[in-house]
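First up is the structure itself, then whatever we jot down about it.
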Protein chains: 2
Amino acid sequence: MEILTTLYLGDSKEKLKMLSDNSVDLIVTSPPYADQRKNTYGGIHPDQYVEWFLPISKQLLRVLKPTGTFILNIKEKVVDGERSTYVMELILAMRKQGWYWTEEFIWHKKNSYPGKWPNRFRDSWERLLQFNKDKKFNMYQEEVMVPIGDWAKKRLKNLSETDKKRDNSKVGSGFGKNISNWLERDKAYPTNVLHLATECNNKNHSAAFPEELPAWFIKLFTKENDTVLDPFMGSGTTLIVANRMRRNTIGIDNVPEYYDMVRTQIQQVELYLLESKTEYEKTKSEGRISVR
Amino acid sequence: MEILTTLYLGDSKEKLKMLSDNSVDLIVTSPPYADQRKNTYGGIHPDQYVEWFLPISKQLLRVLKPTGTFILNIKEKVVDGERSTYVMELILAMRKQGWYWTEEFIWHKKNSYPGKWPNRFRDSWERLLQFNKDKKFNMYQEEVMVPIGDWAKKRLKNLSETDKKRDNSKVGSGFGKNISNWLERDKAYPTNVLHLATECNNKNHSAAFPEELPAWFIKLFTKENDTVLDPFMGSGTTLIVANRMRRNTIGIDNVPEYYDMVRTQIQQVELYLLESKTEYEKTKSEGRISVR
DNA sequence: GTTCCGCATGAATCGATAG
DNA sequence: ACTATCGATTCATGCGGAA
């Protein structure tokens, strides 16, 4: 199966109209925050942020599959000593637009930006808002399981009576089964708090987005050959990770430098893959790039 | 200076009217979260939550000093597969009421409630919303500095223990300048993410949150002889910690059992302090209780 | 007195069943 | 159809008794 990369140079609101209905499995994006990145995106005033984003999210709702998920990385800025409310307003507005606000993950940035202010501490977390088109969506939880805590080693030696009793309440069916489940368990499901350091990027752009972040959501919400969209791709972290994980990718950005940079980088990855192939049919079937 | 404890049995909305304007330095509270089951616990329906809370927050705004801070611990529940929006709406409504929404701290609960569902992971964080009456407020950042390095977590965990011992090392200025400078350099300001475990078992009752949580905010936003208010004191964790830290406290609850329990516990602490005093003037000046 | 280990239980959430 | 109740699922922690 061929993996496709499609890049668009231009405004998201317009370029998204070129995508088909119900064609995307996962959207992961970090749009320009209000009043920030003035040089590149022109900066949206906090008061106009919701108004600016709603036409875009409307398109995203259209192109997302009913089983798909939209992960929005965002954090409100401090304006005149208090937190702006545009994220709150955006959530409310998107629900009216038809989105379900399924969950809010917390991205805890371990090495947050340094600084000192008299009235606040360093901001070391961001929101990862999960929106869905339908209440039923694809979620592959086993893909992101984490090692269980040390307490488990001791615990697994002996099962407490209470555990047996709790399991017992399910009368009759599969009593011995539960115990064996616990005995073999060395991994646990994660929570809705993600601990990731911000990447110390050596590149010449500003998007501090660790690869683990999109990788986690790509593993959780898609499988191979699914399609991942980033309507504000920036330096393309999401796309590059998704491409590497053998997902089809669609990226949009209105900054030519970003567009060129991502295109070059994806092509390099694809070339590398091509060179490492020995069989003809693999060469033929993989690594196709569609850059428009 | 005498430390005063004032307890009210009754509805917060009404009892708060008995407090003077601009008389409280810090409000730390965890109101009942919205509950769908109105009949069983008298919970507030999510749709009516904002309407229910606004009269109370109006009183809180009145009694808070201009230099004071209001910390609101809250988390929205999942209703019908998605997160409720009443917290978002509450923030917006409280701003209209005159509050400044200064900051949102994250309380990361490491031992969150277990469980597995097809569409979400365990919820392991809560909001700690900081509201202020004025853009200038008291904040004693040095009081909550944490050691740098691996021992930071351990130290944070022991903070409440240190409070009990009423750390004397600062007072006795026997340190040479070199050493104190060196010590200072080992500390860093915290961020807006707090890592604390929920306390499983207290003696007789279950505490809503660990003592470290109110202790942290009490240190950060008040000094000795300031006044701390909890309009939904519940089992009284905030009040007991504040009392131990030599802050005047005001507590309100409409559950007689809680009221009696907190009153008893505060009195026991005060009696213990009394018994440990040897000098007459200390006995005279401390430990007065005003229970109404 | 330390350290180790067993154990109960949390501001949870979903899906099925009952009224 | 809609709402209330109940069973099932599952992880980390502090406490108390034991070595």
Side-chain angles (χ1 to χ4, degrees), chain A residues 102-103 135-137 139 141-142 145-175 177-179 181-193, chain B residues 29-47 49 72-84 86-87 107-128 153 157-158 160-161 195-213 232 234-235 237:
Chain A
T102 307
E103 180 59 300
K135 285 180 181 173
K136 289 280 187 183
F137 50 87
M139 194 177 194
Q141 300 189 353
E142 298 73 27
M145 291 185 81
V146 293
I148 206 164
D150 293 334
W151 59 270
K153 297 166 189 167
K154 302 170 186 174
R155 175 66 186 276
L156 291 184
K157 290 177 185 173
N158 295 335
L159 290 171
S160 74
E161 287 301 317
T162 311
D163 282 333
K164 291 173 187 170
K165 278 180 184 174
R166 279 200 182 186
D167 287 338
N168 259 346
S169 48
K170 179 171 63 179
V171 185
S173 64
F175 168 68
K177 217 177 182 180
N178 294 332
I179 297 174
N181 277 345
W182 274 93
L183 284 176
E184 292 179 6
R185 191 163 301 178
D186 59 344
K187 288 188 175 181
Y189 292 99
T191 70
N192 56 0
V193 176
Chain B
T29 197
S30 193
Y33 298 179
D35 201 338
Q36 297 173 82
R37 304 188 297 271
K38 293 177 74 174
N39 307 333
T40 50
Y41 286 104
I44 303 96
H45 193 279
D47 295 341
Y49 198 85
L72 178 60
N73 171 221
I74 199 166
K75 180 66 191 261
E76 58 269 36
K77 297 194 172 218
V78 172
V79 175
D80 199 17
E82 63 176 334
R83 290 272 166 211
S84 284
Y86 59 87
V87 175
W107 172 22
H108 174 32
K109 300 184 289 185
K110 211 184 165 192
N111 60 338
S112 54
Y113 200 90
K116 181 187 184 322
W117 311 276
N119 58 342
R120 67 181 61 248
F121 290 134
R122 290 175 296 145
D123 187 13
S124 71
W125 65 278
E126 291 189 15
R127 304 178 194 279
L128 290 161
K153 304 163 195 167
K157 202 174 172 182
N158 290 334
S160 69
E161 276 304 315
H195 292 262
L196 296 171
T198 56
E199 281 174 0
C200 278
N201 248 349
N202 224 348
K203 292 160 192 172
N204 300 327
H205 56 280
S206 59
F209 42 56
E211 293 190 350
E212 286 87 352
L213 196 57
F232 302 96
S235 59
T237 308

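Chain naming here is simple, since letters A, B, ... match the order of the sequence lines and numbering starts at 1 in each.
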### Query
Quick one: ring-ring contact (aromatic ring centres under 6.0 Å, His included) partners of Phe137(A), sequence neighbours excluded?
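Phe137(A) satisfies ring-ring contact (aromatic ring centres under 6.0 Å, His included) with no residue once adjacent residues are dropped.
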### Task
Identify whether any heavy atom of Lys116(B) sits under 4.0 Å from a base atom; if not, whether one sits that close to sugar-phosphate; answer base, sugar-phosphate or nothing.
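Since a base atom lies under 4.0 Å of Lys116(B), the category is base.
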### Message
Categorize Ser30(B) for me: base, sugar-phosphate, or nothing, with a 4.0 angstrom heavy-atom threshold over every strand shown.
### Response
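Ser30(B): base contact, heavy atoms under 4.0 Å.
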Residues in side chain to side chain donor-acceptor pair (under 3.5 Å) contact with [X], at least two apart in sequence or another chain:
X: Ser84(B); value: none
X: Lys110(B); value: none
X: Tyr33(B); value: Asn73(B), Glu126(B)

So, is [X] near the phosphate of [N], with a side-chain N or O under 4.0 Å from OP1 or OP2?
X: Lys109(B); N: dG10(C); answer: no
X: Arg120(B); N: dT9(D); answer: no
X: Asn119(B); N: dC14(C); answer: yes

### Query
Taking a pair as Watson-Crick (N1 to N3 plus N6-O4 or O6-N4) or G-U wobble (N1-O2 and O6-N3), both under 3.5 Å, which stems of 3 or more consecutive pairs involve DNA chain D?
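For DNA chain D the paired stretches long enough to count as stems (3 pairs minimum) are C:2-10 with D:11-19, C:12-19 with D:2-9.
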### Message
Assuming nearest nucleotide by heavy-atom distance, tell me which of Ala197(B) and Tyr113(B) is located more 5' along DNA chain D.
### Response
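Checking each residue's closest nucleotide, the 5'-ward one belongs to Tyr113(B).
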### Query
DNA chain D: Pro147(A) or Trp117(B), which has the more 5' nearest nucleotide?
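Per heavy-atom nearest nucleotide, the more 5' residue is Trp117(B).
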Which whole-number value in Å describes the distance from [X] [atom1] to [N] [atom2]?
X: Glu126(B); N: dA12(C); atom1: CD; atom2: P; answer: 9 Å
X: Glu103(A); N: dT13(C); atom1: CD; atom2: P; answer: 8 Å
X: Met145(A); N: dC11(D); atom1: CE; atom2: P; answer: 7 Å
X: Arg83(B); N: dA11(C); atom1: CZ; atom2: P; answer: 15 Å
X: Glu211(B); N: dG14(D); atom1: CD; atom2: P; answer: 12 Å
X: His108(B); N: dA12(D); atom1: NE2; atom2: P; answer: 10 Å
X: Lys187(A); N: dT9(D); atom1: NZ; atom2: P; answer: 22 Å
X: Leu128(B); N: dA11(C); atom1: CG; atom2: C1'; answer: 13 Å

### Query
Below 4.5 Å, heavy atoms only, C-beta onward: do Lys75(B) and Arg83(B) meet side chain to side chain?
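The answer is yes; the side chains approach within 4.5 Å.
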### Query
If we only count heavy atoms from C-beta on, is the Tyr49(B) to Pro31(B) side-chain gap below 4.5 Å?
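With C-beta onward as the side chain, the pair touches.
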### Task
Could you check Asp123(B) against Ser112(B) and say which one's nearest nucleotide on DNA chain C is further toward the 5' end?
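On the 5' side of the pair lies Ser112(B).
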### Message
Reading DNA chain C from 5' onward, which residue's closest nucleotide shows up sooner: Lys136(A) or Pro31(B)?
### Response
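Here Pro31(B) is the residue nearer the 5' end.
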### Query
To the nearest 0.5 Å, what is the distance between NE2 (His108(B)) and OG1 (Thr191(A))?
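Going from NE2 on His108(B) over to OG1 on Thr191(A), the span is 5.5 Å.
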Output the single nucleotide from [options] whose closest atom is nearest the side chain of [X].
X: Asn111(B); options: dG15(C), dT13(C), dA12(D); answer: dA12(D)
X: Tyr189(A); options: dC11(D), dC14(C), dA12(C); answer: dC11(D)
X: Pro118(B); options: dT13(D), dC14(C), dC11(D); answer: dC14(C)
X: Thr198(B); options: dA11(C), dA12(D), dT13(C); answer: dA11(C)

### Message
Please determine whether any donor N or O and acceptor N or O are separated by less than 3.5 Å between the side chain of Tyr33(B) and the base of dA11(C).
### Response
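Result: no qualifying N/O pair found.
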### Trp117(B): partners by side-chain contact (heavy atoms from CB on, under 4.5 Å), with sequence neighbours left out
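Partners of Trp117(B) by the side-chain contact (heavy atoms from CB on, under 4.5 Å) criterion, ordered by chain and then number, come out as Asn119(B), Arg120(B), Arg122(B).
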